[in-house]
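In what follows, every chain begins at residue 1, and chains take the letters A, B, ... in the order their sequences are listed. Since the model is a prediction, treat every value here as computed from it, not as a measurement.
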Amino acid sequence: METNYLTDGPVSQKIITLLIEKMGGKTDSGGHTIFLGQVRADVIDGLKVKAIEYSAYIELVNVEAEKIKKTIFSEFADVNSIEIVHSTGIVYAGEISLLVFVSAGHRHQAMQACSKTVELIKVNLPVWKKEIFEDDSHKWK
Amino acid sequence: METNYLTDGPVSQKIITLLIEKMGGKTDSGGHTIFLGQVRADVIDGLKVKAIEYSAYIELVNVEAEKIKKTIFSEFADVNSIEIVHSTGIVYAGEISLLVFVSAGHRHQAMQACSKTVELIKVNLPVWKKEIFEDDSHKWK
Amino acid sequence: MQVKVLFFGVLAEVSGTGIKYYHDVRSISDLKLRIQDDFPEIVHYNFRISLNSELTDKDIELKSEDVIALMPPFAGG
Amino acid sequence: MQVKVLFFGVLAEVSGTGIKYYHDVRSISDLKLRIQDDFPEIVHYNFRISLNSELTDKDIELKSEDVIALMPPFAGG
């Protein structure tokens, strides 16, 4: 299924680069805030996290991501664009699993809107994660 | 003079890419917040801004940037790294003139520390700007 | 009539399969009981329900082709 | 003795040159008067002073090789 919000595997350097280039064209933006969520090599009960496997309810991700964007645009009048990319599948420790890219006329709204978008994603985006440990055991979160 | 904080002309895509790659290696970071300040094509008294020319007191930029990093590290215990890059010279509308890149264990401190770093830069970094208009007239800010 | 049930997150593992079809279910509460019969351990998990990509906590009557998802707490990011 | 004075931002333009050397200046207040003699319009601008890369609002005695910077309000970002 087609989606603007999910990517298979880690969020690549290429996606980030393309977004920055795309946003640069908009000369009414004075600030971009980018949040990158990264998989940490946490140690849980003595076992180190090797990767996280993400799964998502794709149709609902699209619905909820659109709602989040609508909420942000209505709360932050200075915001020009919002991009959300979340991983599905395996993302190894040290790789990026979430990108939120907010452009606004001025820095305060860019920062605040990016922060709020990340919070709404945590609460509303139907994504699940399975931590995979070095010994290949796993734990749902 | 050598500096880690100033770059000649716009903050390039390459600088951003290298920083993201560098941060990716740190598997104790769960979030990166990147702020990019961009030159806006503002219209002032009927004239459109074509570019901003930045000048800086290089020695003092180094001193003040180090102080800013020290302040942030002491206030935000979860922050792992802070990178600051500011332009000198000509930066055209739509190009990036400031990069702040903060990595932390968790997202809240990454967001808050990035935001605070940008505010401290605005107040404490000895940088000046001259707006250059389409007709090549200019205005100091 | 037939409805499609999607199991997400840990429930995909509990159910052994991510998808299961149920026949002749009247309502969401009826469906829940049927799922519980098939996978008794599901009572140990919290989850929310969506009907045709819309979250709901109501006991709605089901019709053929409805898609119901069982979703544990979200954990994105 | 000789000190080096750096003019930044709009003051670089006001002074016509970014750098100027002054001889036999006793203190920061003395230097300010000398600069004002050379560039009378400088009174119309706000600026802060740094001495050897350290911001100061005190009237400090100057010694040879000191570097004094005249800095209008910062406008980075």
Side-chain angles (χ1 to χ4, degrees), chain A residues 1 3 5-7 10-11 35-40 42 44 49 52-68 84-89 91 95-100 114-132 137-141, chain C residues 1-22 25 27-28 31-32 34-36 38-77:
Chain A
M1 173 162 185
T3 168
Y5 302 109
L6 295 170
T7 188
V11 178
F35 177 81
L36 303 174
Q38 182 171 292
V39 173
R40 264 193 322 271
D42 282 346
I44 298 164
V49 172
I52 290 181
E53 186 176 353
Y54 291 95
S55 51
Y57 184 4
I58 300 175
E59 291 83 352
L60 196 55
V61 162
N62 291 339
V63 171
E64 293 298 325
E66 293 290 340
K67 275 192 209 165
I68 290 170
I84 298 169
V85 182
H86 200 297
S87 292
T88 54
V91 181
E95 292 181 331
I96 305 297
S97 59
L98 169 65
L99 170 145
V100 174
C114 181
S115 183
K116 175 125 190 199
T117 303
V118 173
E119 297 310 310
L120 290 176
I121 286 168
K122 291 271 174 183
V123 176
N124 294 324
L125 219 59
V127 176
W128 296 272
K129 62 179 158 200
K130 195 169 86 174
E131 286 177 330
I132 301 169
S137 63
H138 72 261
K139 189 182 171 185
W140 284 94
K141 293 212 79 173
Chain C
M1 64 84 84
Q2 169 184 284
V3 299
K4 186 177 174 182
V5 180
L6 307 172
F7 299 81
F8 285 104
V10 66
L11 298 183
E13 203 168 281
V14 168
S15 70
T17 150
I19 303 182
K20 204 170 148 61
Y21 293 88
Y22 283 90
V25 268
S27 63
I28 288 177
L31 177 65
K32 277 187 180 168
R34 299 269 295 272
I35 293 169
Q36 216 172 294
D38 291 345
F39 313 106
E41 64 274 44
I42 213 160
V43 298
H44 301 304
Y45 295 94
N46 285 321
F47 57 88
R48 287 195 286 171
I49 298 272
S50 76
L51 174 59
N52 303 324
S53 305
E54 190 103 16
L55 282 163
T56 182
D57 51 10
K58 297 194 189 108
D59 184 18
I60 297 168
E61 273 186 48
L62 297 176
K63 57 187 191 309
S64 210
E65 310 296 321
D66 276 348
V67 178
I68 297 94
L70 273 58
M71 305 185 295
F74 304 153

Exercise: identify the closest heavy-atom pair between A:Tyr57 and C:Ala69: CE2-CB, 3.4 Å
Residue among A:Lys130, A:Lys141, A:Lys122 with most heavy-atom pairs under 4.5 Å to chain C: A:Lys122
Chain A-proximal positions within residues 1-8 of chain C [heavy-atom distance under 4.5 Å]: C:Leu6, C:Phe8
Closest contact, heavy atoms only, A:Ser97 versus C:Gly77: OG-O, 3.5 Å
Main-chain N/O of C:Pro72 paired to A:Trp128 side chain as donor or acceptor, under 3.5 Å: yes
Heavy-atom side-chain proximity of A:Leu60 to C:Met71 below 4.5 angstrom: yes
Residue A:Val123 versus chain C: region with a heavy atom under 4.5 Å: backbone
Heavy-atom proximity to chain C below 4.5 Å, by part of A:Tyr54: side chain
Shortest non-hydrogen separation from C:Gly9 to A:Ser55 and the atoms involved: N-OG, 4.4 Å
Neighbours of chain A found in residues 40-48 of chain C - heavy atoms under 4.5 Å: C:Arg48
Option that, when pairs with chain C are counted at under 4.5 Å, heavy atom only, ranks first among A:His138, A:Glu53, A:Gln38: A:His138
Minimal non-hydrogen separation, A:Glu59 against C:Ser53, with atom names: CB-OG, 3.5 Å
